[in-house]
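See below for the structure under consideration.
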Amino acid sequence: MSNASIYPYFLGPYGENNDLLEKLVVEFLRDHVYWRRNLYPDDPPAIPTRASDTPEFMEFEARLRRELHSLSAALKRSVPFHSPRYLGHMVSDVLLPGLAAQFLTLPYNPNNVSVDAAPVTVDLEIKTGLQLARMLGFSTDTTKADCSFGHLTSGGTVANYQALRLAMALKAFPVALLAANPPGLSLPEDDWQAYNLTPDQSIALLSNWHHWLDQQSIADKQHYMRRLHVERIETRGLCDFFTTHLDLVVPSVLAPITAHYSWSKGVKLLGLGRQQLMPVPVRGMRMNCDALHDIIENHLKQQKPILMAVGVLGSTEFGTIDPLHELLRERDWAAKHGIGFSVHVDAAWGGYLATLFRQEDGGIRPREEVCSEFSRFPDTEVYSAFEALGHVDSVTVDPHKLGYIPYGAGAFICRDQRGMELLAEEADYVFSVNKNDDYFKRYRQLGRYIPEGSKSGAIAAAVYVTHSVMPLDHRHFGKLPRESILAAEVFQQAIQDFSRRVSNRLICYVPFEPDSNLVCLALNPVGNRDIATMNNFVRGLHDILRCDPGVPLQRREYFGSITTLRPNTMGPEDSRRIYDALGLDLIADERGNMPEDSLVILRHTLMNPFMIDSENDVSYIEGYFDFLERNIDALLDTNNSRPMTVLVTP
Ligand SMILES: *Cc1c(COP(=O)(O)O)cnc(C)c1O
């Protein structure tokens, strides 16, 4: 693996690039100070030159230093995300451009809630949204009404809330418009039809409504806008909305069982209720679109509307990628049968993998070209999923995951920005937002559209500068996900070698062929058929793979994480396959239901770009498996020297 071109990207596992970072931080801190001094140079310094000689000042400084020393000391117990020995959660070292831009911006303290508090960084955030939109394959021509739009959030969780909010606004708007009944505007026939338009149809209706308004007298215009306002779900609230429209019910949100728990939080927060979140079965931890089809048909039969179908692009636990192309086919089928819904892709984890498929000119790379860089990636289904990405309604991407940006950076991006006005606080009655209104001008009042209020402009600067230094295509930013997937391929090979080495003691099994850079590994002592024993064994391993505040970091050699597999969510096929491979007994109850047990397995996130150090001929991947081997023997020894009952006691 040749990763020399990524050498300047990070501070580095050993702090190798400290000179560069220090130079940048000092240079731009000074630059900030010059700015303060030169803004009103004739204003006398408010803090006297000799202030620092006073006892109070010195006492304060001493206290500050004491606290900082103790903070700095405590932080040495942090999880070493930057280290190539860290293969645990979805985090690694942060990119130097982002860190430098954030340091640089912090003393200016811009608040991206609006342009008034962030004259510079609000625009950077809007541009960041467009950079991400381009990576996903959305249109980014801001002179076109149907241009995409994206903004940052504190993380993927809040971006998912925003997706729900927008989908709900678009779903309910046509019902409200029908109730407001503007004469002469072509409207849906009834509530059911209005409530089941696709997001695109709903946006088209919204545009027609604006055109209609433009042709009315000022008095009529205001009259009908107020009528609409009263009917909106955002005004009435769910309860009143559904008692006004007794023929309508709360819609479902369909998400695969691999979906992140932010979806559960989201449906609760929106007041839809947890029971509206319908799990779609999976095959190999990827959405089973045949099952999705059945669920949609059932909704149709029961006249139960659907708000949204969520596709996961890189599941949090397994890195698996849903067949978005099939999901879109189901959406189109459903629309044809009069049950429209939006498709949101939760790409909090996998979003940046799209750079691997993106040409510099924004086009999509042919599959053969992408394939030529890897031994297995991308599977045809994975390729088709990325190809389909540009046709979904909205996407969540986390810059603070595979974007290698410091925390506090998620993103929500929608394909067609015209729906966003439905989310705006204080709808503007004076002018219609669709008309002659500059894209940037509109979104500079960002706080009107987003779930959050005050928010960091520094993080927006960090993301924007990173994307500008490393454009989101395969030649630039794509180098990082490429390293990461290559590492995952090496890791899989290493699993096979390891598996052979320990085959007399341990069964090793990769339960799901990885779609990207997250690899899970199930381990069971040879001859063991009992789940509790296997789980105890894996937990024992995890105990030495996780940060323990009571144990000095240096005593830890590697860091990994665990996840669980539940037969009752995996379905019988996958469960049987995995239990068989591991030599475990799968005991269904008399009704054939899968057991409630969960299998504890190791989970590895391979995003550190320095895992294979060809310069020093060090492979932390090999090192990891050597470490496992040593400790597996130790764990198995303890197991053998003790009665089995000790093992099964948690
Ligand atoms: C991480 C993750 C989230 C949540 O994102 P946060 O940034 O932790 O709020 C949502 N969905 C998926 C698929 C994720 O991997």
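Bear in mind that the values here come from a model prediction, so they are computed numbers and not experimental data. Just so you know, ligand 1 is whichever comes first in the structure, and atom 1 is the first atom listed for that ligand.
Residue contact check: Thr157 has heavy atoms under 4.0 Å from atoms 4 (C), 5 (O), 6 (P), 9 (O) of ligand 1. The contact set between ligand 1 and Gly155, taken as ligand atoms under 4.0 Å from a residue heavy atom, comprises 7 (O), 9 (O). Interface atoms of ligand 1 facing Ser262, defined by a heavy-atom separation under 4.0 Å, are 10 (C). Heavy-atom contacts of Ala348 reach the following atoms of ligand 1: 2 (C), 3 (C), 10 (C), 11 (N), 12 (C), 14 (C) (cutoff under 4.0 Å). Every atom of ligand 1 with a heavy atom of His400 under 4.0 Å away is listed here by number and element: 7 (O).
Which of Lys265, Glu317, Lys401 comes nearest to atom 14 (C) of ligand 1 through a heavy atom is settled by distance: it is Lys401.
Classified by interplanar angle (parallel below 30°, tilted 30° to 60°, perpendicular above 60°), the ring pair Tyr443/Phe149 is parallel. Between Phe386 and Phe357, the ring-plane angle classifies as parallel under the 30° and 60° cut-offs. Note on ring orientation: taking the six-membered ring where Trp is involved, the planes of Trp333 and His293 are tilted (angle from 30° to 60°).
For CD of Glu573, the number of neighbouring non-hydrogen atoms (other residues, nucleotides, ligands) closer than 6.0 Å is 12 at most.
Separation of the His604 and Phe491 ring centroids falls under the 6.0 Å cut-off. Outside the 6.0 Å centre-distance limit, the rings of Phe412 and Tyr161 are not counted as a close aromatic pair. Less than 6.0 angstrom separates the ring centroid of Tyr352 from the ring centroid of His467.
The closest protein non-hydrogen atom to atom 13 (C) of ligand 1 is Thr316 OG1, 3.3 Å. For atom 4 (C) of ligand 1, the closest non-hydrogen atom on the protein side is His260 CE1, 3.3 Å. Atom 11 (N) of ligand 1 has its closest protein heavy atom at Asp346 OD2, 2.6 Å.
Salt bridge present: Glu125 and Lys455 bring a charged side-chain N and a carboxylate O closer than 4.0 Å.
Counting heavy atoms under 4.0 Å from ligand 1, residue Thr396 does not touch it at all.
Checking only distances, Asp398 does come within under 3.5 Å of ligand 1, N or O to N or O. The shortest N/O to N/O separation between Gly156 and ligand 1 falls below 3.5 Å.
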Would you please test Arg329 and Asp332 for salt bridge (charged side-chain N to carboxylate O under 4.0 Å, His left out) and show each step?
-> CA-CA 5 Å; Arg329 219 167 343 185; Asp332 296 343; over 6 Å; no
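Proximity of Gly410 to ligand 1 is not established, as no heavy-atom distance is less than 4.0 Å.
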